[in-house]
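What follows is a set of notes on a single structure, which appears directly below.
Whatever order the structure lists ligands and atoms in, that order sets their numbers, starting from 1. The first residue in the sequence is number 1, and the count goes up from there. These numbers were taken from a predicted model, which means no experiment stands behind them.
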Amino acid sequence: MGALHNGHISLIKLAQQHADIIICSIFVNPTQFTDPKDLEKYPRPIEHDLAMLRDAGCNGVFMPNVEEMYPQGADEKWHIDLGNAEFLLEGAFRKGHYQGVTQIVKKLFDAVEPDVAMFGQKDFQQVLMIKNMLAHFNLPITIIVCPIIREDDGLAMSSRNIHLSPEDRKHSLVLSKSLQFVIDHFEEYTLTELESKAKALYDNVEDVALDYFTIANGNTLEPAKSKDEDNLVALVAAKVGSTRLIDNMIIR
Ligand SMILES: Nc1ncnc2c1ncn2[C@@H]1O[C@H](COP(=O)(O)OP(=O)(O)OP(=O)(O)O)[C@@H](O)[C@H]1O
Ligand SMILES: CC(C)(CO)[C@@H](O)C(=O)[O-]
Ligand code: BAL
């Protein structure tokens, strides 16, 4: 969606190991936004983005406008079955978000016809939803998931970080710290204790409102039932000041 940072550039760099020609799409997709203010204030520094892509050795940029992607209007009908995980976590807080995401990703794939597509682990649930969309249409595209690139102090890079005030920026560290707490103490506590201790870290941080903090099964996104499950991930979403951030860490 543009407003590129080094997290995005890491996707280009990793793509270079998997493909001869790299195309980056930049499109702020209206159908995945559930908060009109979020859409309106989404940063769009196009010249800066193009310079970063040029430096990274990206071969092409696909930068359509809304009319090109939605010739019949952005209220164009789209609904596919994405499974129960569509309605959990981000899907519960941004209703219809993954219908909008899969709608535009299908259109971008149709336009670019990639063999391989790179997505960031930062949007963990998004990757699951896109894989479900690919299965739905039986599309032969390989998805590669790229690790989360963080600032030196642990904050996951995000285009929305630009909206954080200096105070918010300090408070935002509780997200990565609470996830790291689960990783560091996983063997020590029960799942319930891990969650409650991680959530307690938010009690003393001003202006941070937790939407969810969960240790979930990485396939279903349902709360983990046992520490023995072989695909476990801790996920968080919180509003820091007026900016909503997400982050996650894979436990195993
Ligand atoms: N810190 C990061 N490390 C690795 N990949 C990332 C990171 N941030 C975003 N990505 C990935 O880059 C792709 C484009 O993301 P997008 O344009 O939505 O930006 P974003 O930085 O995630 O923005 P925001 O967090 O404001 O939604 C997605 O696949 C996303 O998961
Ligand atoms: C997948 C995506 C390009 C759809 O607009 C967007 O959600 C993103 O960049 O993560
Ligand atoms: N980074 C995922 C897209 C979104 O937040 O709308």
Ligand 2 versus Leu108: contacting region, heavy-atom distance under 4.0 Å: neither
Using the six-membered ring wherever Trp is involved, compare the ring planes of Trp78 and Phe137 and label them parallel, tilted or perpendicular (cut-offs 30° and 60°). tilted
Ile104: numbered ligand 2 atoms lying under 4.0 Å from its heavy atoms: 4 (C), 5 (O)
Touching ligand 1 at all, His5? Heavy atoms, strictly under 4.0 Å? yes
Measuring from atom 11 (C) of ligand 1, which candidate in Gly120, Pro43, Ser159, Ala156 has the nearest non-hydrogen atom? Gly120
Heavy-atom nearest neighbour of atom 30 (C) of ligand 1 within options Asn161, Ile162, Asp123, Asn29: Asp123
Starting from atom 4 (C) of ligand 2, what is the nearest protein heavy atom, named by residue and atom, and what distance separates them? Gln32 OE1, 3.2 Å
Residue, atom and distance of the protein heavy atom nearest atom 10 (O) of ligand 2 read Gln126 NE2, 2.7 Å
So if I count the atoms of ligand 1 from 1 in the order they appear, which ones are less than 4.0 Å from some heavy atom of Phe119? 29 (O)
How are the rings of Tyr212 and Phe93 set relative to one another: parallel (under 30°), tilted (30 to 60°) or perpendicular (over 60°)? tilted
Just checking, any donor-acceptor pair under 3.5 angstrom between side chains of Asn217 and Glu222? no
Atom 1 (N) of ligand 3 - nearest protein heavy atom and its distance: Asp123 OD1, 3.1 Å
Specify side chain, backbone, both or neither for Glu90, according to which of its non-hydrogen atoms lie closer than 4.0 Å to ligand 3. neither
